[in-house]
Q: 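If you scroll down you'll find the structure; I have some questions about it.
This one's a predicted model, so the numbers in the text were calculated from it and none came from an experiment.
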Amino acid sequence: MKKNIEKLLIANRGVSAVRIIHTCRDRKIQATTVFSSADRLAHHVFSAESAVHIGEPPPAESYLNMENIIAAAKKSDVDAIHPGWGFLAENHVFAQMVKDEGFIWVGPSPEVIESMGNKVKAKKIAKDANVPTVPGLDHVTSPEDVKKWIKDEKIAFPILLKAAAGGGGKGMVKVEDEDSIDAAFAQVRSEGKKSFGNDEVMAEKYIKRGKHIEVQIIADEYCNIYHLFERECTIQRRNQKLIEEAPSSALDERLRVELFETAIRLMRKINYTSAGTVEFLFDLETKKFYFLEVNTRLQVEHGITELITGLDIVGLMLDVAVGKKLPFKQPDIKANRSAMEVRLNAEDPKTFNPSFGSITRCQLPQGPNMRVVPGVYEGADIPPYYDSLLMLLMTAGPDRTDAIKVMDHVLGRNIRIEGIKTIAPLLLSIIRHPLFISGDFSTSFIEENLEDLISTFKDASNEDEVLKIARYLSEISAQGPQAWM
Ligand code: ADP
Ligand code: ADP
Ligand code: MG
């Protein structure tokens, strides 16, 4: 096995690949990316030192095609493979294949990935480690199982049916009454089968007023397992995160310490190495938190943890992957900032329908306390095959109010994207909403306030442009004829 990384293959695209390239630059590691035919002119292709074509646009033929990715790694003679997030990042078969081919795998062991990849298995391990889990039924083989559980345990609606292998908010259906159980069960089972190749179903009580709070973990091969504080990702649509912040405004110091201890206990139990996240749902009504899942990979929102701690989590993953010891102990890690991230998706801000096409203008925000991870450039095309994430916008400040203020500058006057639709107007109206500002919101915030949020949109940038031209014209005519005219 190689023990040094001079050249790294990033088995991913877009924002995820670009983020990892940033660390490669800092460390003078040569980055190789992969691309499908649709991505031959993509930002991640130009940002890397080299790039290898791995197949046709559908993910199964390119970014999920393990053989082609391994072939690309051999062809470019890399030392290691980083999977980024999404695609093959949580695929234990791929992780094993990377190792068997003699490359360094930048991530936790295939065994750990496998054990946490199934929500039923993961929940059982969590229970065994004395980690509180959402009350539920682990093996649902028919709608009758669910009905019996509800009756026996006197469970109140709503409940949630989940595909055991689901991810990215997919394969989850909320059930409001007994009559909807049959259809929901059929839907979850078929979604699980279709998207994740697994039709196992589980049921859980639905936490109505919950905050999504997760703990970032970093661990090396020498049983050093530390937390890098928490992130709150409560602002979601369709169970997918849109805005993340650190620290969470919902925790007091006692709960925070308990959460960190619980997360570390679980990760210790499974011998975790590399970066990973333990996700919890915090019930605002009972003030209890419940284990959701472990993400055995770099997470989209890791950057806000980097902003509050000053660490480079991708860099730490590379160190751990080559067998280095973590360069700190728990008390050395300090967080003294508030940070916030929004996911700028190429979607209609009212309907969340994906938006494709050419980006005709792309003005990135600039200023103090801002960080941008772009996945695109001006002139780039957004193909319809992949995730809608265009770029990550992060801000920081001495406290939450400051981080929100900087984000307001970013979204309100700094960023300009034209040619495609983005959810920027929605993100802006969320961060200006009194409930968001006060911290009094749950995972249903967008659903509950959508009308209100949409009503604040200023319509179409076209109108802005017309106004701007009109203003110039009036200024010029007021000044009379000029020398340059
Ligand atoms: P997080 O946002 O916390 O990092 P997510 O579960 O939202 O984790 O997933 C991260 C990214 O990976 C998202 O862009 C999501 O769309 C994508 N993703 C997650 N699971 C899958 C999957 N099974 N197939 C394709 N993309 C996925
Ligand atoms: P995924 O693998 O898709 O990320 P998770 O189990 O992490 O699935 O859940 C994603 C989101 O779905 C959570 O952040 C939360 O908003 C919602 N969710 C999951 N389980 C429950 C539950 N039992 N009650 C209420 N909301 C839930
Ligand atoms: Mg999750």
Side-chain angles (χ1 to χ4, degrees), residues 1-57 59-113 218 220-221 273-276 296-299 302 312-324 373 375 386:
M1 175 66 97
K2 301 175 182 184
K3 271 297 170 200
N4 192 21
I5 303 178
E6 284 170 16
K7 197 170 182 187
L8 177 75
L9 184 104
I10 303 164
N12 215 301
R13 66 181 299 281
V15 177
S16 169
V18 171
R19 160 65 192 96
I20 296 162
I21 292 170
H22 289 162
T23 292
C24 290
R25 289 235 177 92
D26 287 349
R27 301 216 166 188
K28 305 201 164 41
I29 293 171
Q30 287 194 44
T32 299
T33 49
V34 291
F35 64 97
S36 70
S37 306
D39 272 343
R40 65 193 186 284
L41 300 175
H43 192 36
H44 71 275
V45 172
F46 293 125
S47 309
E49 269 76 31
S50 59
V52 185
H53 179 248
I54 48 163
E56 292 313 302
E61 292 173 42
S62 47
Y63 299 103
L64 291 174
N65 186 325
M66 303 187 216
E67 285 78 20
N68 288 9
I69 292 174
I70 296 287
K74 287 182 180 163
K75 185 173 152 194
S76 24
D77 194 24
V78 298
D79 306 302
I81 299 184
H82 195 308
W85 59 72
F87 296 121
L88 296 169
E90 288 177 288
N91 187 313
H92 66 96
V93 177
F94 180 63
Q96 190 59 54
M97 212 163 144
V98 168
K99 294 182 110 169
D100 291 345
E101 294 288 347
F103 299 109
I104 297 166
W105 166 250
V106 186
S109 71
E111 293 76 23
V112 166
I113 297 177
I218 184 78
D220 64 19
E221 289 175 3
T273 54
S274 190
T296 53
R297 56 172 164 85
L298 182 69
Q299 263 187 312
H302 72 283
D312 173 349
I313 294 175
V314 175
L316 293 170
M317 289 178 86
L318 297 176
D319 289 340
V320 168
V322 297
K324 285 189 191 156
V373 186
Y386 312 111

Q: State, to 0.1 Å, how close Val34 and Ala72 come at their nearest heavy-atom pair, and which atoms those are.
A: CG1-CB, 4.2 Å

Q: Side chain of Glu6, backbone of Asp79: donor and acceptor closer than 3.5 Å?
A: no

Q: Hey, what do you get for CD1 (Ile70) to CZ (Phe94), rounding to the nearest 0.5 Å?
A: 5.0 Å

Q: So which heavy atom on Val314 is nearest to which on His302, and how close?
A: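 Shortest heavy-atom contact: CG2-NE2, 4.2 Å.
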
Q: So which heavy atom on Ser62 is nearest to which on Ile69, and how close?
A: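 Answer, listing the atom of Ser62 first, then Ile69: O-CD1, 3.9 Å.
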
Q: Could you give me the CA-CA distance, side-chain angles and deciding distance for Cys24 and Glu49, then say whether side-chain contact (heavy atoms from CB on, under 4.5 Å) is met?
A: CA-CA 10 Å; Cys24 290; Glu49 269 76 31; 5.7 Å; no

Q: Given Arg27 and Asp319, is the side-chain contact (heavy atoms from CB on, under 4.5 Å) satisfied, shown in steps?
A: CA-CA 11 Å; Arg27 301 216 166 188; Asp319 289 340; 2.8 Å; yes

Q: Apply side-chain contact (heavy atoms from CB on, under 4.5 Å) to the pair His82 and Leu298, showing each step before the final yes or no.
A: CA-CA 10 Å; His82 195 308; Leu298 182 69; 4.3 Å; yes

Q: Specify the closest pair of heavy atoms between Trp85 and Arg297, including all atoms of both residues, with the distance to one decimal.
A: CB-NH1, 3.8 Å

Q: Which value, rounded to the nearest 0.5 Å, describes the distance between His44 atom NE2 and Asp39 atom CG?
A: 5.0 Å

Q: Of all the heavy-atom pairs spanning Glu56 and Ser36, show the shortest one and how long it is.
A: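 Looking at all heavy atoms of both residues, the closest pair is O-CB, 3.7 Å.
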
Q: Give, for atom CD1 of Ile218 and atom OG of Ser274, the distance between the pair rounded to the nearest 0.5 Å.
A: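 Ile218 atom CD1 to Ser274 atom OG measures 5.5 Å (nearest 0.5 Å).
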
Q: So among Ile104, Ile81, Ile20, which one has a side chain to side chain contact (heavy atoms under 4.5 Å, CB included) with Leu8?
A: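 That would be Ile20.
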
Q: With rounding to the nearest 0.5 Å, note down the distance linking CD1 in Ile5 to CD in Gln30.
A: 13.0 Å

Q: Got Arg25 and Ser47 here, is their nearest side-chain heavy-atom distance under 4.5 Å?
A: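 Sidechains of Ser47 and Arg25: in contact.
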
Q: Is any side-chain heavy atom of Val320 closer than 4.5 Å to one of Asp220?
A: yes

Q: What is the minimum heavy-atom distance between Ile113 and Ala89, and which atoms define it?
A: CD1-O, 4.3 Å

Q: Measure from the side-chain N and O atoms of Lys7 to the backbone N and O of Thr32, and report whether any donor-acceptor pair falls under 3.5 Å.
A: no

Q: Nearest 0.5 Å, what's the CG-CG distance between Asn65 and Leu88?
A: 9.0 Å

Q: Can you confirm whether His43 sits close enough to Thr33 that some side-chain heavy atom of one is under 4.5 Å from a side-chain heavy atom of the other?
A: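 Side chain of His43 against side chain of Thr33, heavy atoms only: no contact under 4.5 Å found.
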
Q: Less than 4.5 Å apart, any side-chain heavy atom of Ser16 and any of Phe87?
A: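 Not touching, per the 4.5 Å side-chain cut-off.
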
Q: How long is the gap from NZ on Lys324 to CG on Leu318, to the nearest 0.5 Å?
A: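 One gets 9.0 Å once the value is rounded to the nearest 0.5 Å.
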
Q: Backbone N or O of Pro59 within a donor-acceptor pair of the Tyr386 side chain at under 3.5 Å?
A: no

Q: Side-chain contact test, heavy atoms from C-beta onward, threshold under 4.5 Å: evaluate it for Val322 versus Asn4 and give yes or no.
A: no

Q: Tell me, do Trp105 and Gln96 make a side-chain contact under 4.5 Å, heavy atoms counted?
A: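 Heavy-atom side-chain distance check fails, nothing below 4.5 Å.
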
